[in-house]
Amino acid sequence: MGQVTGRAFIKVNGTDMRSKEGATLNPGGVSREAAMSDRGVDGYSESPVAPTIQCSINHTADISLTDLGQITDASIVFETDTGKTYLLRNAWIDGPAELNGNEVSLNFTGMTCEEVS
C-alpha cells in the first residue's frame, strides 16, 4: 500500500501561502439532486458547482489582510504530498480574509480547476 495524501501546499500567483493542516480542494463539476414525486425518486437534476480551495494560514507581521482580500484573477496551485497537483484558474477570494486569533481563513473560487500531474 502506498502513501495517502496528508499535506497540501498552496501557492497564489507563485507565492507560497504556508497553509495549515486541513486545506480542502473541491475541483467543481456538477451537483446532483434527486427529483422526487409521490411515487419516489424519478431521477435527478444537475446544477453546476464552482471549484474552490479553502485554507488557513498563520497571521504574521508580513501578512496583509487588505492585500489578501483583493486577490482576483489568480492562478492557485494546490499540490499534495503524494504528487498530485491541481490548478485553479482565474480565481478570486470569496470575501474579506478573516482573522480569528492568530489564524487567517481564506476561501477561493475559480473559473476552472484542472489536474496537472
Side-chain angles (χ1 to χ4, degrees):
M1 201 170 244
Q3 180 181 356
V4 298
T5 298
R7 299 184 331 170
F9 308 96
I10 299 172
K11 291 183 181 178
V12 176
N13 291 332
T15 300
D16 185 8
M17 295 286 17
R18 298 182 53 83
S19 61
K20 298 179 70 153
E21 185 177 344
T24 62
L25 166 73
N26 176 341
V30 295
S31 173
R32 293 177 185 87
E33 183 177 337
M36 303 296 293
S37 69
D38 58 356
R39 300 217 183 257
V41 179
D42 290 337
Y44 62 89
S45 60
E46 293 183 338
S47 59
V49 175
T52 60
I53 292 175
Q54 297 177 328
C55 67
S56 295
I57 60 174
N58 286 319
H59 186 253
T60 59
D62 62 335
I63 300 291
S64 168
L65 296 178
T66 302
D67 288 350
L68 290 172
Q70 294 176 355
I71 293 173
T72 60
D73 198 28
S75 295
I76 303 178
V77 175
F78 187 100
E79 181 181 356
T80 69
D81 59 351
T82 54
K84 290 290 186 184
T85 301
Y86 301 86
L87 176 59
L88 192 64
R89 293 186 187 272
N90 306 106
W92 60 91
I93 193 161
D94 284 355
E98 183 177 322
L99 176 61
N100 186 3
N102 66 348
E103 191 169 285
V104 180
S105 298
L106 304 172
N107 299 306
F108 298 100
T109 300
M111 298 296 287
T112 62
C113 182
E114 55 193 80
E115 187 175 325
V116 293
S117 68

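Note that the numbering runs from 1 along the sequence shown for the chain. Only heavy atoms go into these numbers, but all of them, side chains included; no hydrogens, no water, no symmetry mates. Quantities reported herein were computed from a predicted structural model and do not represent experimental measurements.
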Using a 6.0 Å cut-off, check whether atom [atom1] of [X] has over 12 heavy atoms from anything other than its own residue.
X      : atom1 : result
Asn100 : CG    : no
Gln3   : CD    : yes
Glu98  : CD    : no

Residues in salt bridge (Lys or Arg N to Asp or Glu O under 4.0 Å) contact with Arg7, at least two apart in sequence or another chain: none
[X]: which residues meet the side chain to side chain contact (heavy atoms under 4.5 Å, CB included) condition with it, sequence neighbours left out?
X     : result
Ala61 : none
Glu33 : Ser45
Thr15 : none
Val4  : none

If you look at every heavy atom in [X] and [Y], which pair is closest and at what distance?
X     : Y     : answer
Arg18 : Ile57 : O-CG2, 3.9 Å
Ile63 : His59 : O-NE2, 3.8 Å
Ala8  : Ser19 : O-OG, 3.3 Å
Asp67 : Ser64 : N-OG, 3.0 Å

Compare all side-chain heavy atoms of [X] with those of [Y] and state whether any distance is below 4.5 angstrom.
X     : Y     : result
Val12 : Ile93 : no
Leu87 : Ser75 : yes
Ile76 : Ile10 : yes
Leu68 : Met17 : yes
Pro51 : Pro27 : no
Val41 : Met36 : yes

Solution key, residues 109-117 side-chain donor-acceptor pairs under 3.5 Å, sequence neighbours excluded:
residue : atom : partner : partner atom : Å
Thr109  : OG1  : Asp94   : OD1          : 2.6
Thr109  : OG1  : Asp94   : OD2          : 3.2
Glu114  : OE1  : Arg89   : NE           : 2.9
Glu114  : OE2  : Arg89   : NH2          : 3.4
Glu115  : OE2  : Lys84   : NZ           : 2.9
Ser117  : OG   : Gly83   : O            : 3.3
Ser117  : OG   : Thr85   : OG1          : 3.2

Assess the side chains of Asn58 and Thr60: does a donor N or O sit below 3.5 Å from an acceptor N or O?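 Looking only at side-chain atoms, Thr60 and Asn58 do not form any donor-acceptor pair under 3.5 Å.
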Could you check whether Thr82 and Thr80, counting side-chain N and O atoms only, form a donor-acceptor pair closer than 3.5 Å? yes
Transitive ILVMFWY side-chain link Phe9 to Val104, under 4.5 Å: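 Per the 4.5 Å side-chain linkage, Phe9 and Val104 are not co-clustered.
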